[in-house]
Amino acid sequence: MALTVRIMRHVLSPGDKYGRLTVIAEVQKVAADGKRYRAALCRCDCGKQTAPRISSLSLDPPRK
């Protein structure tokens with residue numbers, strides 16, 4: 001029996017800041033081809049919410 005293990009490269013915590021975005025929660029989204037991916041529900045400093053792919057957030061350490 002084969003066991004598949006996925007290593008999470010990006011660990012998010014609510015309150016982490018990436019540029020103008022503040023992480024609210026981690027969510028899963030579905031791409032047009034049906035594949036699921038991890039995204040971060042974020043609130044911008046301007047007040048709008050967005051959910052970018054986690055991999056597209058800055059690779060710099062988050063600010064608290």
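Atom CZ in Arg53 sits 9.0 Å away from atom NZ in Lys29 (nearest 0.5 Å). Put simply, CD on Gln28 and CZ on Arg36 are 5.0 Å apart, with the number rounded to the nearest 0.5 Å.
At a threshold of 4.5 Å between non-hydrogen side-chain atoms, the residues Cys46 and Arg20 count as touching. Proximity of Leu21 to Pro52: side-chain heavy atoms (C-beta onward) are separated by under 4.5 Å at one or more points. In this structure, the side chains of Leu41 and Glu26 stay at 4.5 Å or more apart for every pair of heavy atoms. Counting heavy atoms from C-beta on, the side chains of Val30 and Lys35 never come closer than 4.5 Å. Two residues are said to be in side-chain contact when any heavy atoms from C-beta on lie closer than 4.5 Å; Thr22 and Asp16 fail this criterion. Between Tyr37 and Val27 the shortest side-chain heavy-atom distance does not fall below 4.5 Å.
Smallest separation of non-hydrogen atoms from Ile54 and Ala39: CG1-C, 3.7 Å. Across all their heavy atoms, Ile24 and Cys42 have their closest contact at CD1-C, 4.0 Å.
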